[in-house]
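Numbering of ligands and ligand atoms starts at 1, following listing order. Just so it is clear, the model here is predicted, and its values are computed rather than measured.
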Amino acid sequence: MKKEVLAELFRQRLLNMYAKPIEETSAYERYMALATLVREKINGGWLREHNSRPRSIERRIYYLSAEFHLGRLLPLYMRYLGWEKVVEEALDLLGLDAEEILQAEREPGLGSGGLGRLAADMMDSLATLRYTVHGYGIRYRHGQFEQRIIDGFQVELPDDWLRDGYPWEVRRKDRAVEVHFGGRVSMYERGGRLLFKYAETESVLAVPYYIPILGERGLTNTLRLWSAESIYQPLSLEALRGTDFQRFMQSERDAHMLSGTLYPDDSTEDGRRLRLKQQYFFVSASLQDILRRYLRYADDVRRIHDSVGIHINDTHPALAIPEWLRLLMDEEGLGWDEAWAVTRATFSYTNHTILQEALETWPIGLIQDILPRIWMIIEEIDRRTRIMWDVRQNAVRGEEVGAHSAVQSTIAPHDIARMAIVEGGVVRMAHLATIASHTVNGVSEIHTDLLKTRVLQPFYASHTSQFINVTNGISLRYWLEGTNPRLARLITETIGEDWKRDALKLQELHTFADDPAFQEAWAEVKQANKKVLQANLARYGLHFQADGRLDVQIKRIHGYKRQLLNILHIYTLYLKIKDGQHIDSVPRTYIFAGKAAPNYTLAKAIIKYIHCVAEKIRSDAEASKYLQVIFVPNYDVTWAQRIVAAADVSEQIATASLEASGTGNMKMMLNGALTIGTDDGANHEIFQAVGYERAFVFGLSSEAVQRYYMHGGYDPHRLFGTDPYLKQAISHLLDGTFHESIITLETIYHHLLTEGDPYLVLQDFASYQATQEAIAKTYVDSERWWRWSIAQTAEAGRFSSDHTVETYAKNIWRLKPLAGGTHDSASDET
Ligand code: 26Y
């Protein structure tokens, strides 16, 4: 398109949408106008019916996830359409600044952490590599809360991302389906079949919103997000009076709540009910939609797994399993065994955590009440799996050993209670997901091993399910080209463009790692990115010294991620400076960013403590020459991009064995930061890639941590006394040093000392401190530093999500890429 044509289209569009001249429009309005033009361009390929393909037999995968953390789409899609330059020129003709318009995009907060961003990166790679994988999720009216910091405390405000419209979605009321809750189930027999009837259910309408997932020169897949609406259609004005009116209002309110927020507070019974309903709402709607689409082209539901695979991203969508059985049996007339076989051939499951508190369970009573038919099915799965395990045990006892003896002998009596789906009054969702999936995967080698040897050990040992590892990955298009265009350009100028197709080609950078001119150019890029970050922080009133070393910890605030270890160490540095010690010749800035769950007291106390330390240092003329601590509020994908591009040191310091993988570690590595980390999750694979001799590894191993958990022996009181500065730092939590916030800081003190800190912060402190010193020494040797920095990027190619999704496609989904042209649609219907 010519720039003059685009400029005119844009001017017209603004006028049509907002009925005012261009000068009077806001940056957001300009963004909306531009985004709608880009969307229309996408629509061409996306919404077109594809009659040329035999649609019914094309295999496709549906990726169900409670989170899709998309980030800003406009710059990405402009790039994918090859529109970047022409847009800039067109806006220039109109005297407008493209950058200002792009900055106005509001990102939907449809995710809380790594799991949601992983889904987005995978969707990007899948579309780019032409895999037909569509997403299903929830269109939360309020996504992840907006974090404000007031007087050092986190305050949560509702996020209102939809308030001025979202240009990337299309409401498809014509594809709405009904979802039912509660009521009574009755059984009756007809023609030898058991049928189920539901009465007095509460129903809601699920309306999908479609978002195009554009790949680079690839396919356009679809993300369908469900929104709940009232089903009640008043027939007359009279009907709206009296009790009907009450019912009408109630159903409007209920629907409003259902897709209202991401992870409703589960500390109350009402909150838990809502969360469970939300999960069922989205999986039921998605599965009905999947089934309907399949049956449009095929008639044998017994073969649906040939055409359809359903992937569940952690257990939040695990109710899809009994719901699928329900649809197959109650709606499609299959018997239990047939339905079970189809289900097992259809589902696959990714586990993202071994943390007990994140392994979901639902009280039986709640499921019985809200989902009576689903409860019957879960109970039946439980009953049958217990029988199966029992038979295997008896077979072993009766010495009926044969070819399968190795398999059978591995189920011990106590394993049955450990493996059971329903036990102790709750339904264990991870067990349900495991037993019903043909493949279960962990997200890094260490994590997958822990699934096999601990969390899901009996399932693995009994060969009940197939376990594989697929290490997470990140989109290089998003996290290098989109996040750090300067670096991407430098790389392309140096080794050519091939790395964009084959990420392993980044290894060619090693050849240039010793070249002083290249090192200088590399360092200049980092410096330029720090300046950009500085300018962005300044817009929020945060001052950042861009000339020092930037050390970064950006992720959810959580005990196990150990922001506490980092900030305690920073505070001991401050104490050392006050004691007249020289700590470093290069000033350091420590950046923290991340949100704490609203009812997570310790995490919120850690945020306050970070602010206390930041302020202490800032107000000290001496210490602030060497040290700076910044907490960036309201961390989101856009902040992540800015910080990642500027980072020198990447803090990946979770207690070993507890971080399933991490993906921020990969993003910073890709952008040339050196990792300080525990030998855990994907860190382990990062260290292997760059070589342990060029890595800053510290702390207990994953096995050692697990040994502490099993045998005890952690003694924080003893450790507390071993380092005078650490001792002083911890005492300051209680002695009024940070006067106003003593109650909050007491929480931290008790966590560390009296409550036995399961995250073993004090155990790893000495080793962390020594490793920080090693980093300081390496940084001043700038030749070595930049050589190592280049090596990080050179080895980061193996963490491309292109590689990750190829592994999913081949080893889990049996999916082949689709042949065809650029930006065509993978959907048989929209
Ligand atoms: C429902 C509630 C209990 C819950 C809500 C959100 C439980 C878990 C989550 C989110 C988990 C998450 O984001 N996990 C992260 O997934 C990443 C992608 O695999 C990993 O890199 C990271 O280590 C893991 O913590």
Side-chain angles (χ1 to χ4, degrees), residues 63 65-69 109-122 137-138 140 143-144 261-267 271-272 274-276 278-279 282 311-319 349-362 426 428-430 433 440-448 450-451 469-475 479 554-562 594-600 603 635 637 640 652-669 677-678 680-686 702 799 801 804-805 808:
Y63 193 86
S65 178
E67 304 187 19
F68 285 93
H69 213 154
L110 304 180
S112 70
L115 169 152
R117 183 58 226 179
L118 178 74
D121 276 350
M122 284 179 59
I138 302 176
Y140 307 101
Q144 176 71 278
T261 60
L262 171 68
Y263 302 128
D265 175 13
D266 65 347
S267 61
R272 281 190 292 276
L274 185 58
R275 206 187 265 196
L276 183 69
Q278 199 178 58
Q279 292 187 351
F282 114 78
H311 194 87
I312 56 175
N313 195 23
D314 218 290
T315 57
H316 318 140
L319 286 170
Y349 155 56
T350 301
N351 172 292
H352 294 266
T353 190
I354 68 156
L355 276 190
Q356 258 327 306
E357 68 264 31
L359 287 170
E360 279 189 302
T361 59
W362 288 109
V426 298
R428 295 158 166 170
M429 303 310 277
V440 178
N441 79 287
V443 289
S444 72
E445 285 163 15
I446 290 187
H447 170 64
T448 303
L450 283 164
L451 291 181
N469 176 58
V470 190
T471 298
N472 284 165
I474 56 173
S475 161
W479 295 104
I554 47 174
K555 49 182 81 246
R556 290 304 293 249
I557 311 292
H558 201 293
Y560 89 86
K561 294 185 186 276
R562 298 202 294 194
K595 295 176 180 178
N599 52 14
Y600 190 176
Y635 181 55
V637 182
Q652 307 300 338
I653 61 178
T655 316
S657 80
L658 300 185
E659 189 68 275
S661 160
T663 45
N665 46 5
M666 301 168 183
K667 290 162 198 168
M668 283 195 266
M669 175 199 196
T678 44
D680 191 26
N683 290 355
H684 178 71
E685 288 158 65
I686 290 176
S702 159
F799 298 111
S801 50
T804 309
V805 302
Y808 274 91

Just to be sure I read this right, does ligand 1 sit under 4.0 Å from the backbone of D266, its side chain, both, or neither, counting only heavy atoms? neither
Among E659, E360, H558, H352, which one has a heavy atom closest to atom 25 (O) of ligand 1? E659
Would you confirm whether the ring centroid of H316 sits within less than 6.0 angstrom of the ring centroid of F282? no
Report the residues that fulfil side-chain contact (heavy atoms from CB on, under 4.5 Å) with A120, sequence neighbours left out, ordered by chain and then residue number. L70, R117
Should the proximity of R556 to ligand 1, defined as any heavy atom under 4.0 Å, be assigned to the side chain, the backbone, both, or neither? neither
Check the side chains of H447 and N351 for a donor-acceptor pair under 3.5 angstrom, ignoring hydrogens and angles. yes
Specify the protein heavy atom at minimum distance from atom 2 (C) of ligand 1: its residue, its atom name, and the distance to 0.1 Å. R275 NH1, 3.9 Å
Please write down residue, atom name and distance for the protein heavy atom closest to atom 9 (C) of ligand 1. H316 CE1, 3.9 Å
Tell me if the CD atom of E357 is crowded by more than 12 foreign heavy atoms within 6.0 Å. yes
Nearest protein heavy atom to atom 12 (C) of ligand 1, by residue and atom, and its distance? L115 CB, 3.6 Å
If we only consider heavy atoms of N472, is any one of them less than 4.0 Å away from an atom in ligand 1? yes
Has G681 got any heavy atom lying under 4.0 angstrom from an atom of ligand 1? no
